[in-house]
**Q** 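If you scroll down you'll find the structure; I have some questions about it.
All residue numbers refer to positions in the sequence shown, counting from 1.
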Amino acid sequence: MEYKTIRARAEDEFIERRSRFIGHIAPVGSEEEAIAFIEEVRASNREANHNCYAYVLREGQIKRYSDDGEPQGTAGTPILEVLLRNELVDVCAVVTRYFGGVLLGAGGLVRAYSTGASLAVAAGGILRMAPCTSFVTEVDYALYGKLSYLLPQYNIQVLESDFGEKVRLVLLIRSDRLPAFEKELQELSAGQVSPFVLEERYADME
């Protein structure tokens, strides 16, 4: 099953009626990692009035959020909705506010926290993760040229290559493409070459 997450830690900011809003985002794999990121942002913004957050985890389908002192429903919920709207999981977003002296009202706060989270998502970039299989194969040099032509057709990534007596390749392919590739590889090598599966994992592959 494919899923989307954030590519990397990032932040972006904007000013709304003299209040400074900073959106922070990070990929996380557990509640412990999410909480550690939230505490890190708080520690870096001790003078801020609010550090509101939301995080979503694949494992246990966990969704948490906090308004951190803002009126109920005006901060944590809008941040969470940005993550859900982008179909993101294993991600934590924190929007920091330095109050500028002008009240924004409930609607203004919702828009501001949504904007802060959206800017952070855009800055972090989105990964589309798919089930993939890494495998190893060894071929003669005579077959290597044909195999090299085949790899891009299945969008296969070369993780390692060793040119010894034979060419040994460690490759990564989307799992749903492996059966068709294996069949074509066997036809290409007259049944002499088969992939040896190393592991199943998620990776950012189209």
**Q** Show me the donor-acceptor pairs within less than 3.5 Å that the side chains of residues 178-188 make with the rest of the protein, sequence neighbours left out.
**A**
from, atom 1, to, atom 2, distance (Å)
Glu184, OE1, Tyr154, OH, 2.5
Gln186, NE2, Ser194, OG, 2.4

**Q** Sequence neighbours excluded, which residues qualify as side chain to side chain donor-acceptor pair (under 3.5 Å) partners of Lys4?
**A**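 Partners of Lys4 under the side chain to side chain donor-acceptor pair (under 3.5 Å) test: Glu87.
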
**Q** Test: ring pair (Phe, Tyr, Trp, His ring centres under 6.0 Å). Region: residues 155-178. Which pairs qualify, not counting sequence neighbours?
**A** Tyr144-Phe163

**Q** Are side-chain heavy atoms of Ser189 and Val139 found at a separation under 4.5 Å?
**A** no

**Q** Can Val167 be reached from Val136 by stepping across I, L, V, M, F, W or Y side chains whose heavy atoms are under 4.5 Å apart?
**A** no

**Q** Return each pair, listed once, that meets side-chain hydrogen bond (donor to acceptor under 3.5 Å, both in side chains) where at least one residue sits in residues 159-178; pairs must be two or more places apart or across chains.
**A** Glu2-Arg174, Thr133-Ser175, Arg174-Asp176, Ser175-Glu200

**Q** Under the 4.5 Å side-chain heavy-atom rule for ILVMFWY, direct or indirect, which residues accompany Tyr98?
**A**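 Besides Tyr98, the cluster holds Ile22.
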
**Q** Does some side-chain heavy atom of Glu70 sit less than 4.5 Å from a side-chain heavy atom of Asp68?
**A**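 In short, these two side chains do not touch, never coming nearer than 4.5 Å.
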
**Q** Using side-chain heavy atoms (C-beta onward) and a distance below 4.5 Å, is Glu16 in contact with Thr115?
**A**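 A side-chain contact is absent here, since even the closest heavy-atom pair is not under 4.5 Å.
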
**Q** To the nearest 0.5 Å, how far apart are OG in Ser114 and CZ in Arg85?
**A**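 Taking OG in Ser114 and CZ in Arg85, the distance rounds to 6.5 Å.
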
**Q** Are the side chains of Val28 and Leu57 in contact, using a 4.5 Å heavy-atom criterion?
**A** yes

**Q** Tell me the closest heavy-atom pair linking Ile6 and Ala26, and the distance in Å.
**A**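 Shortest heavy-atom separation between Ile6 and Ala26 comes out as CG2-C, 3.6 Å.
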
**Q** Check side chain to side chain contact (heavy atoms under 4.5 Å, CB included) between Ala93 and all other residues, then give those that pass, not counting sequence neighbours.
**A** Ile25, Ile79, Leu83

**Q** Less than 4.5 Å apart, side chain to side chain, heavy atoms only: is that true for Pro78 and Thr74?
**A**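 Not touching, per the 4.5 Å side-chain cut-off.
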
**Q** Got a salt bridge between Glu31 and Arg64, using NZ or NE/NH1/NH2 to carboxylate O under 4.0 Å?
**A**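 Counted as a salt bridge, because a side-chain N and a carboxylate O are separated by less than 4.0 Å.
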
**Q** Treat each ILVMFWY residue as a node, draw an edge where side-chain heavy atoms are under 4.5 Å apart, and state whether Leu119 and Leu104 are in one component.
**A**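 Per the 4.5 Å side-chain linkage, Leu119 and Leu104 are co-clustered.
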
**Q** Output all residues satisfying salt bridge (Lys or Arg N to Asp or Glu O under 4.0 Å) with Arg128, sequence neighbours left out; order by chain, then residue number.
**A**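 Counting only residues at least two positions away or on another chain, Arg128 forms no salt bridge (Lys or Arg N to Asp or Glu O under 4.0 Å).
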
**Q** Considering residues at least two apart in sequence or located in another chain, which fulfil the side chain to side chain contact (heavy atoms under 4.5 Å, CB included) criterion with Glu39?
**A**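 Scan of Glu39 (side chain to side chain contact (heavy atoms under 4.5 Å, CB included), adjacent residues dropped) gives Ile35, Arg42.
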
**Q** What distance separates Leu84 CG from Lys63 NZ, expressed to the nearest 0.5 Å?
**A**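 The distance works out to 6.0 Å.
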
**Q** Identify the two heavy atoms, one from Ser134 and one from Leu159, that lie closest to each other, and give their separation to 0.1 Å.
**A**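 Where Ser134 meets Leu159 most closely, the heavy atoms are CB-CD1, 4.3 Å.
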
**Q** Any chance you could pull the hydrophobic cluster mates of Phe99, using side-chain heavy atoms under 4.5 angstrom and chaining through other members?
**A**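 Its cluster mates, by chain and number, are Leu103.
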
**Q** For the residue pair Leu109 and Arg97, establish whether any side-chain heavy-atom pair is separated by less than 4.5 Å.
**A** yes

**Q** Inspect the surroundings of CD in Gln72 and state if more than 12 heavy atoms from other residues, nucleotides or ligands are less than 6.0 Å away.
**A** no

**Q** Check whether more than 12 heavy atoms from other residues, nucleotides or ligands sit under 6.0 Å from atom OH of Tyr149, and answer yes or no.
**A** no

**Q** Between Ser66 and Gly76 (side chain of the first, backbone of the second, donor and acceptor by atom type, cut-off under 3.5 Å), is there such a pair?
**A**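 No, Ser66 side chain to Gly76 backbone: no donor-acceptor pair under 3.5 Å.
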
**Q** About how many Å separate CZ of Phe14 and OG of Ser19, when rounded to the nearest 0.5 Å?
**A**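 Output value for this atom pair is 9.0 Å.
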
**Q** Judged by atom type as modelled, is there a donor-acceptor pair below 3.5 Å linking the side chain of Asp90 to the main-chain atoms of Arg58?
**A** yes

**Q** Are Val56 and Met129 connected in a single hydrophobic cluster, I mean Ile/Leu/Val/Met/Phe/Trp/Tyr linked by side-chain heavy atoms less than 4.5 Å apart?
**A** yes

**Q** If you measure from CG on Asn45 to CG on Asn51, what distance do you get to the nearest 0.5 Å?
**A**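 Output value for this atom pair is 5.5 Å.
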
**Q** Indicate, with yes or no, if Val94 and Ile62 share a hydrophobic cluster defined by side-chain heavy-atom contacts under 4.5 Å among Ile, Leu, Val, Met, Phe, Trp and Tyr.
**A** yes

**Q** For the hydrophobic clusters of this structure (ILVMFWY residues joined by side-chain heavy atoms under 4.5 Å, transitively), does one cluster hold both Leu198 and Ile173?
**A** no

**Q** Would you say Asp67's side chain and Ala75's backbone share a donor-acceptor pair under 3.5 angstrom?
**A**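 Side chain of Asp67 to backbone of Ala75: a pair is present.
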
**Q** According to side chain to side chain contact (heavy atoms under 4.5 Å, CB included), who are the partners of Ala203, at least two apart in sequence or on a separate chain?
**A**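 Counting only residues at least two positions away or on another chain, Ala203 forms a side chain to side chain contact (heavy atoms under 4.5 Å, CB included) with Cys132, Leu172, Arg201, Met205.
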
**Q** For residues 35-85, which residue pairs pass the ring pair (Phe, Tyr, Trp, His ring centres under 6.0 Å) check, not counting sequence neighbours?
**A** none

**Q** Test of understanding: with side chain to side chain contact (heavy atoms under 4.5 Å, CB included), list the residues that count as partners of Leu171, not counting sequence neighbours.
**A** Phe135, Thr137, Leu151, Ile156, Val158, Leu169

